[in-house]
Amino acid sequence: MNNTFSITRRVALGLVAGAMTLGLAGPAAAESDFSGKTIEWIIPFSAGGGSDTWARFNAPLLSKYLPGNPTVVVVNEPGGGSTKGTNLFAARAKPDGLTILGTSGSTQFPYLLGDPRVRYEYKDWKIAMASPTGGVVYTSPSLGLNGPEDIAMLKDKNLVYASQGATSLDLVPLLGFRLMDFDVQHVFGFKGRGDGRLAFERGEVNIDYQTSSAYLKSVQPLVDAGQAVPLFSWGVLNEAGEVVRDPTFPDLPSFVEAYETLTGAAPSGPEYDAYFAFFTAGFPAQKMVFLPGETPDDIVDAYQKAFEDMKADPDYQANADTVLGAYGQVTGALAQALFEKGTTITPEIRAQVTGMLASEYGVKLGEE
Amino acid sequence: MVDTLLTALSALLTFQHLAYMFVGVGVGLMIGVIPGLGGIAGLSLLMPFLYGMEETTALAMLIGLVAVIPTSDTFSSVLMGIPGSSASQATVLDGFPLAREGQAARALSAAFISSMAGGIFGAVVLTGFVVIARPIILSFASAELFMLSLFGLSMVAVLAGRSLAKGLAACCIGLVIGSIGGAPATGEFRMIFGLEYLYDGIPLVIVGLGFFAIPEIADLLRKNSAIASGNALGSGWFQGFRDWWKNIWLSMRCAGIGCIIGAIPGLGGSVVDWIAYGHAVQTVKKDPKFGKGDIRGVIAPESANNAMQGGALLPTMLFGIPGSGAMAVFLGGMVLLGIQPGPSMVGADLNITYSVVWSLALANVMGAGICLALAIPISRLTQIPFQRLAPFMIVLICFAAFQATRSLADLVALLSLGVLGVLMKRFGWPRPALLIGYVLAPQAETYFYQALQFNGWSFLGRPGVLIIGLMTLASVYFGLRNRVDEHGHVVPNEDDAPDVPSFRAHMPQIVFAAAMAGLLLVAMSDSLQHDFLGKIFPLSVSVVGLAMLGILLPQLMRGKTGHHAHFDAELTGDHVGQEGIGSLWGGLAWIAGLVGLTALIGFYAALLVFFPVFLAMRAKAGPLAVALMTIGCAGFILTLAWALSLNFPTGLLQDVVELPWPFR
């Protein structure tokens, strides 16, 4: 009953609303691992962002499906572009399953780029769950396109893209457009993809991408009204690690297919490898949940099982589409594959990307 | 549309909805009263309880909270001179002097009624505007947003104080502080000096508390008296209502300004109170006493900051782009509830939008009513001798400060800026001008760069740019004619200031001005290391700032006695010559003690040591009082920390020994 007790104490804070959440506490604790415990889920971002929302969606479900129904609290540790909270986890978390970490593409990218603030090593951790996401690239009809098949028309156009910064998640479109040999002017300093979409609607930019749920909600109406033309989806990874069409957008080509339409050949070579590494870290393996590496396997299994079991929960099914954007959370072998592909980069490719960012976009990653 | 509006109202007027809204209003009131905590902290507090709630009920609760924070934050602004949240920083300027004159009741009632009127105004605007807002928001492109940030900066003209050069230099220092961290155009890190903390820039809450709260506390601690001398609240409850009624057009104009600024994504809520205040100073003709306790200086920002919430909801719900920091958390809450912001909010989901509108209006009425009802017990606080209240305030301010990144570095930054703030207050450097510079620096730079990228220099010819440009010029013109300083002198540059005729006595302010020049030189030399796009903004700002100091320093050194540039509170302040005045540094030393102790043993343990030591040594409290107050404060902070599920900043001790929460 410890679990119920700790929630009751919160109610005593004067938050009468808390009384309603008692119903969420679930069945009384049985004799199992986590009963009476409090699990801290470190989110290295501030409250209200995408990762925070994702964790707060999962936290009560995790509490419900972990053995012993522990209290799961989301602890925001923002700062340093998510490196601060992640460093804290790397330095402090014990392998007892009571501290877990939620990362995002913004945590993977500094690691892949060799940012001096990074003092964490992904290979030291075990993955509990991965939460993929996807997105769709679209352009303005003023460029003369009618659909994805006209992509070659972009070749000699002056394209403008609203970017959140060359080392943010917008590095994926930056590398992708370079690979396609488009002439794109990246205007930095946007606060989010929503901000970029507003710039598209104002006509300031003519190429943009949105994550799947935002695309369905806000860009599809523009497409229907003839104010936007979809080009391709970034695609998803299958268990063999190949890029395939995004099941949310079966009618749209994936990035790889669009590349083939454009050039007649499948993408390959070091530039594609660089794109592929950041694409994986930014989309199929965007959000991941980690435990410290020495955590016993039975605890990791308990987490994996909880993340698997919650998918049948009516609360999960009711809200998963809005929060997760039509991509199921994955565990097991696929999660492991995404984890490995999304956190591995060769020193040569890292040097190539950072060199390109420095020489062409003036990006410096800070001094050692 | 009218149908939907009425259906939404009747759906809201059920017991369950009103009860939840009351919960939101209650939490919002408490958070608002605590200095430094605002909508972001409040919404984060409710976030864990949203999951699984019915959507309109949950929204009523969230809106209840968001709506009352700018109402209840007035308490600490007026009664203690410490901004209750970033939206009522300007209220301090006139509200606090009124409280010191024993007219707190008048200031509070005028503030609450203005807040309510502003809030309802915001809800009304939201009602009609949701249907037509889309094209208007879309017409604000980067170029117009840049001009709007210039317009905001033009408020410096009115807040510059007696010496324009000093005011502009303060603004430049604010702009320099605001440009610390990643450059918007290139992402390169400026002025970080190898410190990881500075990569993200210095957070707003630290700047606000450091420059406004700490100097007030340091000042009050010197005098050992209660905050308000004599009858704390005073009479004048009805006077406050009458004041508002007499200035109803000012209130409505400021509410309009609040709505517009709230609705523009990116401009942010922390300037709205300053712009409204500046507007009041510029337009009030009759008998202005701004800075000395002019009730219109309370009515203007309080009308605007509540109205702003209505405006800020527009881009949040229509585009999914938060209009302010609190709205970012609100947006997260909407997603948790399964509501996707977007055009459907004015289509299929119009009922949700209108239930938000009604909640906003109702919560504003509820909030103002409760604030009035609770005014007497809350204001009793100001009658407590300040040295007994001080440890609570110091702990609360530190608590609020480390919400920013939850590390010791927050406290160190708070202390450093506090030292700067104390000195600026002493030497008459206008801190509001600095704050405006700080808040608008990243926006001005980002939008300028984006406007150039999108339009080239031809962006200057856009109609919107021209209109806002003309408004800016008008604002500078009116501002220069009605300049006020922190001490309420509405000034032409008359050289009649009280002064001490000796170069020696002027040395401290000369040294301080020289130190500020040094700071700008550091910023300039740092900027030279960067690429063109990364350096141009800090470089130009530091050059302008240095030019201002180039005017100010000779004035300080050679100006005749009473020259308008001269100011040193230690020479001419009200307290000079009075008995029992402590050192300027006493209060800062105590705060530094708490921060230092935190670095050793972690915040919570440091608090448990700091509190009784302060009460016993500084406040000379008896053992029982020390024990009771320590337990009370420790329990309160623990409860808050638990509710927000946060860990306290750790010290050296925690690196060595494993301790249980809250000590870890």
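Side chains included, hydrogens not; waters and symmetry mates left out as well; all remaining heavy atoms used. Predicted, not measured: the structure shown is a model, and the values here were computed from it. Below, chain A is the first sequence line, B the second, and so on; all start at residue 1.
If you measure heavy-atom distances from Phe22(B) to chain A, you find no contacts under 4.5 Å at all. Interface remark: Tyr361(A) contributes backbone atoms only to the contact with chain B (heavy atom separation under 4.5 Å). Only the backbone of Leu337(B) comes within contact range of chain A, judged by heavy atoms closer than 4.5 Å. Looking at Val75(A), the atoms closer than 4.5 Å to chain B (heavy atoms on both sides) sit in the backbone and in the side chain alike. For Asp655(B), the part sitting under 4.5 Å from any heavy atom of chain A is the side chain, from C-beta outward, and nothing else. Contacts between Leu138(B) and chain A at a heavy-atom distance below 4.5 Å involve backbone atoms as well as side-chain atoms. Neither the backbone nor the side chain of Pro221(A) comes within contact range of chain B, judged by heavy atoms closer than 4.5 Å. Contacts of Thr650(B) with chain A are made by side-chain atoms alone, with heavy-atom separations under 4.5 Å and no backbone atom involved. With a 4.5 angstrom heavy-atom cutoff, Leu216(A) does not touch chain B via any of its atoms. Both the backbone and the side chain of Ala141(B) come within less than 4.5 Å of a heavy atom of chain A. With a threshold of 4.5 angstrom between heavy atoms, Gln164(A) does not approach chain B through any atom at all.
To the nearest 0.5 Å, atom OG1 of residue Thr446(B) and atom CZ of residue Phe190(A) are 9.5 Å apart. We find the CD-CG distance between Glu196(B) and Asn87(A) to be 6.5 Å, quoted to the nearest 0.5 Å. Note that CG of Asp200(B) is 7.5 Å distant from OG1 of Thr83(A), once rounded to the nearest 0.5 Å. Put simply, NZ on Lys217(A) and CE on Met345(B) are 8.0 Å apart, with the number rounded to the nearest 0.5 Å. Note that OH of Tyr199(B) is 6.5 Å distant from CG of Asp115(A), once rounded to the nearest 0.5 Å.
Across Gly181(B), Pro442(B), Pro184(B), the residue that shares the most heavy-atom pairs under 4.5 angstrom with chain A is Pro184(B). Of the listed residues (Lys84(A), Arg197(A), His186(A)), the one with the most heavy-atom contacts under 4.5 Å to chain B is Lys84(A). When Ser163(A), Ser218(A), Gly80(A), Ala214(A) are compared by the number of non-hydrogen pairs under 4.5 Å with chain B, Gly80(A) comes out ahead. For the set Gly332(B), Gly333(B), Gly534(B), the entry with the most heavy-atom pairs within less than 4.5 Å of chain A is Gly332(B).
For Ser104(A), there are no side chain to side chain donor-acceptor pair (under 3.5 Å) partners, not counting sequence neighbours. Residues forming a side chain to side chain donor-acceptor pair (under 3.5 Å) with Gln185(A) (at least two apart in sequence, or on another chain): Gln453(B).
Annotation: side chain of Thr186(B) is not in contact with side chain of Val363(A) (no heavy-atom distance under 4.5 Å). A 4.5 Å side-chain heavy-atom check between Phe454(B) and Val187(A) finds at least one atom pair inside the cut-off. Between Ser407(B) and Glu77(A) the shortest side-chain heavy-atom distance does not fall below 4.5 Å. Counting only heavy atoms from C-beta outward, the side chains of Gln450(B) and Glu204(A) never approach each other to under 4.5 Å.
Looking at every heavy atom in both residues, Arg406(B) comes nearest to Asn76(A) through NH1-O, 3.0 Å.
When the shell of 6.0 Å around CZ of Phe532(B) is examined, it contains 12 or fewer heavy atoms from other residues, nucleotides or ligands.
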CA sep, side-chain torsions, deciding dist, call: Glu658(B), Arg92(A), salt bridge (Lys or Arg N to Asp or Glu O under 4.0 Å): CA-CA 10 Å; Glu658(B) 194 78 25; Arg92(A) 294 259 167 85; over 6 Å; no
Chi angles and distances behind the side-chain contact (heavy atoms from CB on, under 4.5 Å) call for Arg202(A), Ser142(B): CA-CA 10 Å; Arg202(A) 290 194 300 248; Ser142(B) 307; 4.1 Å; yes
